[in-house]
Number of protein chains: 2
Amino acid sequence: MVHREAHARRPSIHDVANSAGVSAATVSKVLQGVATVKPENVQRVFDAVELLGYRVDPLASDLRRAKRRIIGAIVPEFESEFFGSMITQLERLAEQRGYALVAASSRESEAREKEILARMHDWRVSGVVLAPVRNEHGPAAGFMKKNGMTGVLIDRVLADDAFDTVSADSVSASAAVARELVERGHRHILVLGLGEQAATVRARLESFRERALQLAPDTRVDVILSESDVEPLRSSLRDYFAKGERPTAVYSLFLRGTLVALSEFRRRGWHCPNDISLVGFDDAEWMQVTWPAIAAVVQPVRQIAIEAMDVLFRRIGGEGGPPMARLEPCKVLMRESVGSPGSGPHSGGGKRQ
Amino acid sequence: MVHREAHARRPSIHDVANSAGVSAATVSKVLQGVATVKPENVQRVFDAVELLGYRVDPLASDLRRAKRRIIGAIVPEFESEFFGSMITQLERLAEQRGYALVAASSRESEAREKEILARMHDWRVSGVVLAPVRNEHGPAAGFMKKNGMTGVLIDRVLADDAFDTVSADSVSASAAVARELVERGHRHILVLGLGEQAATVRARLESFRERALQLAPDTRVDVILSESDVEPLRSSLRDYFAKGERPTAVYSLFLRGTLVALSEFRRRGWHCPNDISLVGFDDAEWMQVTWPAIAAVVQPVRQIAIEAMDVLFRRIGGEGGPPMARLEPCKVLMRESVGSPGSGPHSGGGKRQ
DNA sequence: ATGAAAGCGCTAACAG
DNA sequence: CTGTTAGCGCTTTCAT
C-alpha cells in the first residue's frame, strides 16, 4: 500500500507507462480494451494502475477524441419535485450510457437559459435535454439550431420543426379532468394558468373547455391567466372571488397555481371539497397526506426522461429522420379535494373568521 | 453576418489568430485581458472573434492551466425543496466566481456517493460541496481526505477534523421547538427521526429532550427512530398509536417524517391541532397553504450555501488554518398545526369514519 | 505487438 | 509588444 502525499500530482498515463515498463500508447490500449496487447503486458499495466491508483482524466481523454461524453440538462428550476426527479432520472440514464450529466437551472429566465446553453456549447456537450422556460420557440432553441447542437426539448413544448420533443400528454389529461368534473355535476369551473408557456397552456385549456362543453353544453368555464409571474395570478384570483364569483371547482394548470388556489381558499375559509373542488396539474408527495388530499394530474416523469434520452442518444448516434413529437400519458388522481357541488354542509358561502 | 454550416467544426483559437493576422498566443493574451498588447491588434482580435463567433473552450483552457474552474456539488437527492434550492444557490455562487457547478445526486446511497466523488476527482474539480448521506465519517469524506481534495461538508454534519462544515443549527432549533411545545402545555411528546444520520439526529433529539425536561421535568418524550428507511418508521408509528399511546404533540426531525406523521393522523382521523399538534424540521412551500398550516423549522438554505462557498473558495485560494464548523440559525415557524393539549373539541379520541 | 510522433485547444515561459 | 516553443493528459495513426 502506497501512501501518497495528500497534494501530490495525480498520476498520469505516463507514470503508469513508466511503472509498467511500457509506453503510454500501450497503457491507453489496455485501458480501452484493445485486444492486441500481450497478456503479460496487460497484467503489468493493470498492476501499475492498481499500484498508483491511476484513473484516466475523462476531460483530457475527450479532448483528444474530439467528443465529450457529457450530456447537458437545463430545467427552469431545481426546487420542484417534478424537475428534481426529472434530473435524477436523466442523470441515471446518462450514466448508464457512460456519459456524465451536467445539470443547470435557467431560473425561469429565457436570457439565462440561452447563456447556459452557450456554456454547454462551450463545453462541447454531446447533447442537451432542454426544458424551456417558455416554449420550443425561445432563444435557447434558436441558439441550438443555429449552432447545430443536438438536443431534445421536453415538458413545456408541443412539436418542433428542428428538435425532437417529449412531454406529458396534458391535453388528454385535461380532457379527462373535464370529464371527471362535469360528471360530478360541476357546471361552473375556473381554470388557472400561467400564460407564458403559451401554446401548452392554451392547448390544455382548450382541451378542457372543449370536453366540458361537449359533455354539458351549459358548463361555464372561467379562465384566469397570468402572463409571467404567480403573484398577478394571486391578485386576479382574489379579485375574481371578491366580485362574488363562485365556481364550484377549480382546475389549476400548474403546480404553483394549485398552491395559490389553496391559499386563497384558506383566506376565505373555504374547505375542499365541501365549499369548492380542486384539481391541480402536477402531483406532489404532500398532496396525498393533507386533509383533504389534493386531486392531481400525475406526469410520467420517468417515462418522459426515458424517451427523451432514448431519442437523444439515437440522434447523437447519427440517426436521421424528421423530428418526432412524443406525448406520454398522464394519470389523473381524483382525491378528496374533488366532490359534487352543493353537497357540502356550508356550500352557501364563506365562513371566514 | 456569416452563416456557418450547422455541423462545421467550431473555430479554434488558431482560426481566430489566422483571421486576425496574429499568433494564437496573442489572441490568448487579448482574451485574458493582458494589457501588453497593441491596441490595434486587440481590435483585430476582437473583430475576428466576433466574425467567427469564437468562444474559448473552457475545458481545454483548464487542461493547460492544470486547474479546472469547476465546483462539484453532491446531495442525497434532487427531489426535495431543500436540496433543490441548495443547488440553485450553490450554482449561483459558483458562477459568480467564474466557476461552473456540476451537481450530482447520491440518491441516499453511500456507495454511490463515493463513486460520484471519485468521478469528481477524475474531473479534477477545484472543490466539492458535499452533503453526505449519513455524516462526516462516511466513505466519501474518507476518500476526499485520502486524495487531498478540497471540500466543505454541509447539512448532515457536525464538526470534522479535516473539512470545514456548515449546517443549520438544528440543535438550537430543536430546543426552541421544545420550549414552544412545553409552554403550550404539552407534556407527552413524540419525536420522530431517521437514525442513519446518527450524530445530527441524536444531537437534535438530545437538545429537544434536555430543554423540554428543563422547562417541565414531568414531560414525557417518546422517540421513534428508524435506521435507514422511512417505511419502518411508518409501521413503528402505526404500532405505537395502536398500542394506545396518545402524545399530545409530535416533532418530526426530518421532512418525510412529517409526511408520515400527517398520513398516520389521516388514517386515524386525527386533526391538527385539536387532536394532536405537529411540528416538522424542514419547511416546504405547501405547508403554509394547507389547512391547518404546518409548523416547521426553516433551515437557512441561502446562508448555508453562502458560507459553504465562501470557506470553500478561501481554501481553494490556499488559505490554511484548522477546519471550522459553522452553524447557521434556523427560524421556527409555529403555524396552526400546533395548539394546546386538551383544548380541542374532540381531544378524547379518534373519530375515524 | 509496440512505441514514436502528432495533435485535440489552449496558455505560459521565454526570446526576440 | 509579439511569436515561437513546449506541453497539460490523453488517443491514434503509422511505422517498426
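Reminder, nothing fancy here: chain letters follow the sequence lines and each chain counts from 1.
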Using atom [atom1] of [X] as one end and atom [atom2] of [N] as the other, report the distance to the nearest whole Å.
X	N	atom1	atom2	result
A/Asp62	D/dT11	CG	P	9 Å
B/Ile13	C/dA12	CD1	C1'	12 Å
B/Leu59	D/dG9	CG	P	14 Å
A/Arg9	D/dC8	CZ	P	8 Å
A/Trp123	C/dG9	CH2	P	18 Å
B/Lys29	C/dA13	NZ	C1'	10 Å
A/Glu40	C/dT2	CD	C1'	13 Å
A/Gln32	C/dT2	CD	C1'	16 Å

Nearest to the [X] side chain among [options], which nucleotide is it?
X	options	answer
A/His14	D/dG7, D/dT11, D/dC10	D/dC10
B/Ala24	D/dG3, C/dT11, C/dC10	C/dT11
B/Tyr54	C/dC8, D/dG3, C/dC10	C/dC10
A/Asp57	D/dC1, D/dC10, C/dA1	D/dC10
B/Asn41	D/dA6, D/dC10, D/dC1	D/dC1
A/Ser23	C/dG3, D/dC10, C/dA13	C/dG3
B/Arg65	C/dA12, D/dC10, C/dC10	C/dA12
B/Arg124	D/dC1, C/dA4, D/dG9	D/dG9
A/Arg64	C/dT2, C/dT11, D/dT11	D/dT11

Residue whose closest nucleotide on DNA chain D lies nearer the 5' end, A/Val27 versus B/Val22: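 Final value for this comparison: B/Val22.
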Find which nucleotide of DNA chain D each of B/Gly21 and A/Arg55 is nearest to by heavy atoms, and output the residue with the more 5' nucleotide.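 On the 5' side of the pair lies B/Gly21.
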Begin with the C-alpha distance, continue with both residues' side-chain angles, and end with the deciding distance and a verdict on ring-ring contact (aromatic ring centres under 6.0 Å, His included) for B/Phe78 and A/Phe83. CA-CA 8 Å; B/Phe78 284 136; A/Phe83 287 119; over 10 Å; no
So, do [X] and [Y] sit near enough that their side-chain heavy atoms are less than 4.5 Å apart?
X	Y	value
A/Asn41	A/Val30	no
B/Arg315	B/Phe163	no
A/Thr165	A/Arg326	no
A/Tyr99	A/Ile70	no

Can you see if the side chain of [X] gets near the phosphate of [N] - specifically, an N or O under 4.0 Å from OP1 or OP2?
X	N	value
A/Thr26	C/dG3	yes
A/Ser61	D/dT11	yes
A/Ser28	D/dC10	no

State whether A/Glu110 and A/Arg134 are salt-bridged, where the test is any N-O pair (Lys NZ or Arg NE/NH1/NH2 against Asp/Glu carboxylate O) under 4.0 Å. yes
Give A/Arg68 one of three labels, base, sugar-phosphate or nothing, depending on what nucleic acid heavy atoms sit under 4.0 Å from its own. nothing
Contact class for B/Ala66 (heavy atom, under 4.0 Å): base, sugar-phosphate, or nothing?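 No contact.
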At 10 degrees resolution, what angle do the end axes of the helix from C/dA1-D/dT16 to C/dG16-D/dC1 form when each is taken over five base pairs?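 The angle, to the nearest 10 degrees, is 50°.
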Roughly how far apart are A/Ser126 OG and A/Asp62 CG, rounded to 0.5 Å? 7.5 Å
Distance-only donor-acceptor pairs under 3.5 Å for side chains of residues 33-40 of chain B, two or more places apart:
none

B/Glu50, CD atom: more than 12 neighbouring heavy atoms under 6.0 Å: no
